[in-house]
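Please read the structure below before turning to the comments.
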Amino acid sequence: MENCSHSTVYYGVVNIFLRTAQDPFGAVDVWICTKCRDLFCEDKRWGLTELSSVVGFPKRDEGSKWAILICMIGAEVKWELLEAKPGKQFDHSCVDGKTCPLTVNDNYSVSAAEAQSPSKHSLYLVDGRINRSIIVK
Ligand SMILES: [Zn+2]
Ligand SMILES: [Zn+2]
C-alpha cells in the first residue's frame with residue numbers, strides 16, 4: 001500500500017440524513033484504488049459550489065480508517081470527515097464552538113475527555129456504508 005501509485009476510480013457515496021431520509025444533510029464521495037483497494041474520501045457539503053479537485057488526495061495515517069463524526073447538541077448538528085484510528089486523540093470543535101478533545105476507542109466509537117460535555121458524539125466508518133445512508137437521530 002505504501003508504494004502504490006494509486007489509480008482511483010469513483011466508488012460511491014455515503015449520504016448523511018438528519019432525522020428522516022427526506023432531509024439530506026451531507027455526503028461523502030468515496031474513491032477506491034483499483035490496485036491496492038485503499039479508499040479515498042471527499043467531504044461534499046450541501047451548498048458547496050466549488051468542489052475540490054480529485055487529484056491530490058490527502059495521505060492517510062497507516063492503519064487509519066475513514067470515518068464520519070457526528071456532533072449533536074439538542075437540535076444542533078454538525079459532521080466532519082476524519083481519519084479514525086484506535087487510540088487516536090484529537091481536538092474537535094463542537095457544534096457550540098467549544099473545543100472538545102476526543103479519543104477514538106478500539107471499537108471505533110469516540111469518547112470525550114470531558115465527561116460533562118453537552119455534545120453527543122457518534123462515529124460511523126465509511127467502509128461498509130458506501131452507497132448507503134447514515135440517518136442521524
Ligand atoms: Zn493504491
Ligand atoms: Zn462535538
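The residues of the chain are indexed from 1 along the displayed sequence. Every number for a ligand or one of its atoms is a count from 1 in the order of the listing.
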Task: Flag if over 12 foreign heavy atoms under 6.0 Å of NZ, K35 - done: yes
- [ ] For residues G74 and R19, report the shortest heavy-atom separation together with the two atoms involved.
- [x] O-NH2, 4.3 Å
Open item on the list: side chain to side chain contact (heavy atoms under 4.5 Å, CB included), that's the test. Do H6 and W31 meet it? Break it down for me.
Closed with: CA-CA 11 Å; H6 301 308; W31 279 264; over 6 Å; no
TODO: Output yes if H92 passes the N/O/S-under-2.8 Å test against the Zn ion (ligand 2); output no otherwise.
DONE: yes
Task: Of I134, V28, V14, the residue whose pairing with Y124 passes side chain to side chain contact (heavy atoms under 4.5 Å, CB included) - done: I134
Task: For the Zn ion (ligand 1): the N/O/S atom of H6 at shortest distance - done: ND1
- [ ] Nearest 10° is fine: what angle sits at the Zn ion (ligand 2) between SG from C71 and NE2 from H121?
- [x] 110°
